[in-house]
Amino acid sequence: MDKENTKQDSISEESQYIEFEEGIFGFEEEKKFLPVMLSDGSDAVLYLQSVENEELSFIVMNPFMLKEDYNPVLSEEDYKRLGTNEEKDLSFYVFCVLANAAEESTVNLKCPIAVNHVTRKARQVILSSDEYGFRHLLKEFGKEEA
């Protein structure tokens, strides 16, 4: 691979970074992540790869794929820190904790990541709604067969 192609790959990849001004809960020092789709063209499941620490990545899921009526309500401060007043500028993801047995894997609907896809700013928020918890089993969201 020549230098020009490597440079171009680096530039295009860098434009995909998302930046957490305050880091992620428990990983406040980690600011930049590259979201990587596990399936082409689908944001159902992604992994967030730390730019600074190649050994750190997280599995995240689109909560609307799990729960169509998911309704994260952000504070004015959250919108301000994300650089928008428009909900349409935001995408949401929830952390997934994979267990040895798939039915024991969980997602955190209480503390989603909000990503401004225009500015690439991201923020992990804590929702005030009591409807969502820190650990929902993935099997809770199984699609019923018709």
Side-chain angles (χ1 to χ4, degrees), residues 6 8-146:
T6 303
Q8 187 63 30
D9 289 346
S10 176
I11 291 169
S12 62
E13 190 173 280
E14 189 169 331
S15 70
Q16 298 301 309
Y17 293 168
I18 59 174
E19 187 161 2
F20 292 84
E21 193 175 272
E22 299 164 1
I24 295 172
F25 301 145
F27 298 89
E28 288 79 7
E29 69 285 352
E30 299 292 333
K31 309 290 188 197
K32 285 187 180 180
F33 288 83
L34 179 65
V36 179
M37 291 182 183
L38 295 180
S39 178
D40 284 343
S42 172
D43 75 342
V45 180
L46 307 169
Y47 72 88
L48 290 181
Q49 177 61 56
S50 169
V51 173
E52 290 95 9
N53 179 354
E54 67 183 33
E55 295 180 13
L56 180 65
S57 66
F58 300 98
I59 300 290
V60 295
M61 300 180 82
N62 181 329
F64 301 101
M65 300 286 197
L66 299 170
K67 184 172 176 53
E68 289 179 17
D69 63 348
Y70 186 63
N71 186 26
V73 177
L74 303 185
S75 69
E76 283 184 36
E77 179 66 17
D78 290 329
Y79 278 104
K80 181 179 174 184
R81 291 190 180 240
L82 288 163
T84 187
N85 292 322
E86 304 288 332
E87 188 174 328
K88 67 177 178 57
D89 292 340
L90 302 178
S91 297
F92 291 90
Y93 299 94
V94 293
F95 285 101
C96 180
V97 176
L98 299 176
N100 286 336
E103 62 271 5
E104 299 300 318
S105 295
T106 61
V107 291
N108 179 345
L109 296 180
K110 184 74 168 178
C111 302
I113 295 169
V115 179
N116 181 332
H117 52 82
V118 176
T119 64
R120 309 300 293 168
K121 289 183 179 183
R123 179 172 173 79
Q124 187 177 15
V125 299
I126 301 175
L127 302 178
S128 59
S129 172
D130 291 335
E131 180 180 353
Y132 307 118
F134 296 103
R135 289 187 187 94
H136 292 267
L137 291 171
L138 278 178
K139 66 183 177 182
E140 290 176 36
F141 305 106
K143 302 285 184 198
E144 293 186 18
E145 300 294 318

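Values below: all heavy atoms of this structure, side chains included; hydrogens, waters and symmetry mates excluded.
Between the CE atom in Met37 and the CG atom in Asp43 there is a gap of 6.0 Å [rounded to 0.5 Å]. Of the inter-residue distances, the one linking Cys111 atom SG with Ile24 atom CD1 reads 12.0 Å to the nearest 0.5 angstrom. Summarising the geometry, atom CD1 belonging to Ile113 is positioned 4.0 Å from atom CZ belonging to Phe20; distances are rounded to the nearest 0.5 Å. From Glu21, atom CD reaches atom NZ of Lys121 across 6.0 Å, with rounding to the nearest 0.5 Å. If you take CG on Leu38 and CG on Leu46, they are separated by 6.5 Å, rounding to the nearest 0.5 Å. For the atom pair Tyr47 OH and Leu56 CG, the distance stands at 12.0 Å (nearest 0.5 Å).
Exactly one of Ile18, Val60, Val107 qualifies for a side-chain contact (heavy atoms from CB on, under 4.5 Å) with Tyr93. That residue is Val60.
No donor-acceptor distance shorter than 3.5 angstrom exists from the side chain of Glu29 to the backbone of Gly23, with no hydrogens or angles considered. Not one N or O on the side chain of Lys139 forms a donor-acceptor pair closer than 3.5 Å with the backbone of Ser105. When atom types are taken as modelled, the side chain of Glu104 and the backbone of Ala99 share no donor-acceptor pair closer than 3.5 angstrom. Listed for the Asn108 side chain is no donor-acceptor partner under 3.5 Å among the backbone atoms of Phe95. Glu68 contributes no side-chain N or O that, together with a main-chain N or O of Leu66, makes up a donor-acceptor pair within less than 3.5 Å.
Between Thr119 and Thr84, every side-chain heavy-atom pair lies at or beyond the 4.5 Å cut-off. No side-chain heavy atom of Arg123 sits under 4.5 Å from any side-chain heavy atom of Leu74. Tyr70 is listed as a side-chain neighbour of Leu127, based on a closest heavy-atom distance under 4.5 Å. The shortest side-chain heavy-atom distance between Val45 and Ile59 falls under the 4.5 Å cut-off. Side-chain contact check for Phe64 versus Ser91: every heavy-atom pair is 4.5 Å or farther apart. No side-chain heavy atom of Gln16 sits less than 4.5 Å from a side-chain heavy atom of Val36. Within the 4.5 Å cutoff, side-chain heavy atoms of Tyr79 are placed close to those of Glu87. Ser75 is not listed as a side-chain neighbour of Arg81, based on a closest heavy-atom distance of 4.5 Å or more.
Atom CD of Glu22 is surrounded by more than 12 heavy atoms from other residues, nucleotides or ligands within 6.0 Å. Within a 6.0 Å radius of CD in Glu77, more than 12 heavy atoms belonging to other residues, nucleotides or ligands are found. No more than 12 heavy atoms of other residues, nucleotides or ligands shown are found within 6.0 angstrom of CD on Glu76. More than 12 heavy-atom neighbours from other residues, nucleotides or ligands sit within 6.0 angstrom of CG on Asp69.
Minimum heavy-atom separation, Ser50 to Glu30: OG-OE1, 2.6 Å. Closest approach of Asn116 to Leu82, counting heavy atoms only: ND2-O, 2.8 Å.
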Report task. Give the C-alpha distance, both sets of side-chain angles, the deciding distance and a yes or no for side chain to side chain contact (heavy atoms under 4.5 Å, CB included) between Val73 and Ser129. Result -> CA-CA 8 Å; Val73 177; Ser129 172; over 6 Å; no
Query raised in the report: After noting the C-alpha distance and the side-chain angles of Lys67 and Tyr132, does the key distance pass the side chain to side chain contact (heavy atoms under 4.5 Å, CB included) rule?
Result: CA-CA 11 Å; Lys67 184 172 176 53; Tyr132 307 118; 3.8 Å; yes
Report task. Could you walk me through whether Glu86 and Val118 pass the side chain to side chain contact (heavy atoms under 4.5 Å, CB included) test, one step at a time? Result -> CA-CA 11 Å; Glu86 304 288 332; Val118 176; over 6 Å; no
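In summary, the aromatic rings of Phe27 and Phe58 are positioned with their centroids under 6.0 Å apart.
For the side chain to side chain contact (heavy atoms under 4.5 Å, CB included) test, residues two or more places apart in sequence or in another chain that qualify with Val51 are Tyr17, Lys32.
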